[in-house]
Colleague: 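If you scroll down you'll find the structure; I have some questions about it.
Below, all heavy atoms of this structure are taken into account, side chains as well, without hydrogens, waters or symmetry copies.
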Amino acid sequence: QVQLVESGGGLVQAGGSLRLSCAASGGTFSSYAMGWFRQAPGKEREFVATISRNSGRTYYADSVKGRFTISRDNAKNTGYLQMNSLKPEDAGVYYCAASGLLRIATTPKEYAYWGQGTQVTVSS
């Protein structure tokens with residue numbers, strides 16, 4: 001079983017950047033694809049980005065493509081989400097998640113393990 005802990009959230013002005021981290025423990029991190037999701041108040045959890053086990057494949061939601069970059073360091077058991085050119089609509093609680101599936105997974109139900117989330121606030 002994998003435990004995930006996010007960090008790096010905070011308050012940033014529109015146009016700014018943040019880098020989120022997701023530290024994994026209790027399992028073999030490299031055995032799982034990793035994804036990032038976000039949830040704004042009153043809205044459903046939505047897919048942001050995912051990266052395959054060996055970083056060979058990445059996939060992004062259209063809303064963040066070109067602005068966000070997902071990456072991972074299996075040697076450090078850590079995943080990352082670099083967020084640039086942030087917009088107020090990017091605000092929400094960001095969650096990292098781990099999936100044992102080999103295919104690209106973009107829905108919450110495809111991810112077995114979740115972190116507790118980190119808050120991202122973007123001021124206009």
Colleague: Could you pull out all residues at least two apart from Y94 that satisfy side chain to side chain donor-acceptor pair (under 3.5 Å)?
Modeller: R38

Colleague: On the 0 to 90° scale, with breaks at 30° and 60°, tag the F47-F37 ring pair as parallel, tilted or perpendicular.
Modeller: perpendicular

Colleague: Looking at Y59, I'd like to know if its OH atom is crowded, meaning that more than 12 non-hydrogen atoms belonging to other residues, nucleotides or ligands lie closer than 6.0 Å.
Modeller: no

Colleague: Just jot down the side chain to side chain contact (heavy atoms under 4.5 Å, CB included) partners of S55, sequence neighbours excluded, or say none.
Modeller: I51, R72

Colleague: Looking at CG of L86 and OG of S124, how far apart are the two atoms once the value is rounded to the nearest 0.5 Å?
Modeller: 13.0 Å

Colleague: Not counting sequence neighbours, which residues clear side chain to side chain donor-acceptor pair (under 3.5 Å) with R53? List them please.
Modeller: none

Colleague: Determine, using the 4.5 Å side-chain heavy-atom cutoff (strictly less than), whether M34 and F68 are members of one ILVMFWY cluster.
Modeller: yes

Colleague: Pair K87, D90 - check salt bridge (Lys or Arg N to Asp or Glu O under 4.0 Å), show working.
Modeller: CA-CA 5 Å; K87 305 174 181 179; D90 293 319; over 6 Å; no

Colleague: To check you understand the geometry: which heavy-atom pair defines the closest contact between G115 and Y95, and what is its length?
Modeller: O-CD2, 3.6 Å

Colleague: Using side-chain heavy atoms (C-beta onward) and a distance below 4.5 Å, is V120 in contact with M83?
Modeller: yes

Colleague: Answer with yes or no whether the hydrophobic clustering places W36 together with V2; edges join I, L, V, M, F, W, Y residues whose side-chain heavy atoms lie under 4.5 Å apart.
Modeller: no

Colleague: Identify whether Y80 and V48 are in the same connected component of the hydrophobic contact network (ILVMFWY, side-chain heavy atoms under 4.5 Å).
Modeller: no

Colleague: Pairs under 3.5 angstrom only: tabulate donor-acceptor contacts from the side chains of residues 6-29 to other protein residues two or more places apart or in another chain.
Modeller:
unit_1, atom_1, unit_2, atom_2, d
E6, OE1, Q116, N, 3.0
E6, OE1, G117, N, 2.8
E6, OE2, C96, N, 2.8
E6, OE2, G117, N, 3.3
S17, OG, N84, OD1, 2.9

Colleague: List in chain and number order the residues that pass side chain to side chain donor-acceptor pair (under 3.5 Å) with Y111, two or more places apart in sequence or in another chain; answer none if no residue qualifies.
Modeller: T50

Colleague: Under 4.5 Å side-chain heavy-atom separation, chaining through any Ile, Leu, Val, Met, Phe, Trp or Tyr, what else clusters with L102? Say none if it is isolated.
Modeller: none

Colleague: Holding to side chain to side chain contact (heavy atoms under 4.5 Å, CB included), I want the full list of residues that pass it with Q119, two or more places apart in sequence or in another chain.
Modeller: V93, T121

Colleague: Taking the side chain as every heavy atom from C-beta outward, state whether Y113 and Q3 have any atom pair closer than 4.5 Å.
Modeller: no

Colleague: Sequence neighbours left out, what passes side chain to side chain donor-acceptor pair (under 3.5 Å) with Q39? Give chain and number order.
Modeller: R45

Colleague: According to disulfide (SG to SG under 2.5 Å), does anything in residues 39-95 pair up with another residue at least two apart or in another chain? List the pairs.
Modeller: none

Colleague: Looking at K43, I'd like to know if its NZ atom is crowded, meaning that more than 12 non-hydrogen atoms belonging to other residues, nucleotides or ligands lie closer than 6.0 Å.
Modeller: no

Colleague: With rounding to the nearest 0.5 angstrom, report the OG to CG distance, S30 to D73.
Modeller: 11.0 Å

Colleague: Which residue pairs pass the salt bridge (charged side-chain N to carboxylate O under 4.0 Å, His left out) test when at least one of the two sits in residues 95-109, sequence neighbours left out?
Modeller: R103-E110

Colleague: Taking only residues two or more places apart in sequence, or in another chain, which ones meet R57 in a side chain to side chain contact (heavy atoms under 4.5 Å, CB included)?
Modeller: S52, I104

Colleague: Can you name the side chain to side chain contact (heavy atoms under 4.5 Å, CB included) partners of T69, sequence neighbours left out?
Modeller: Y60, Q82

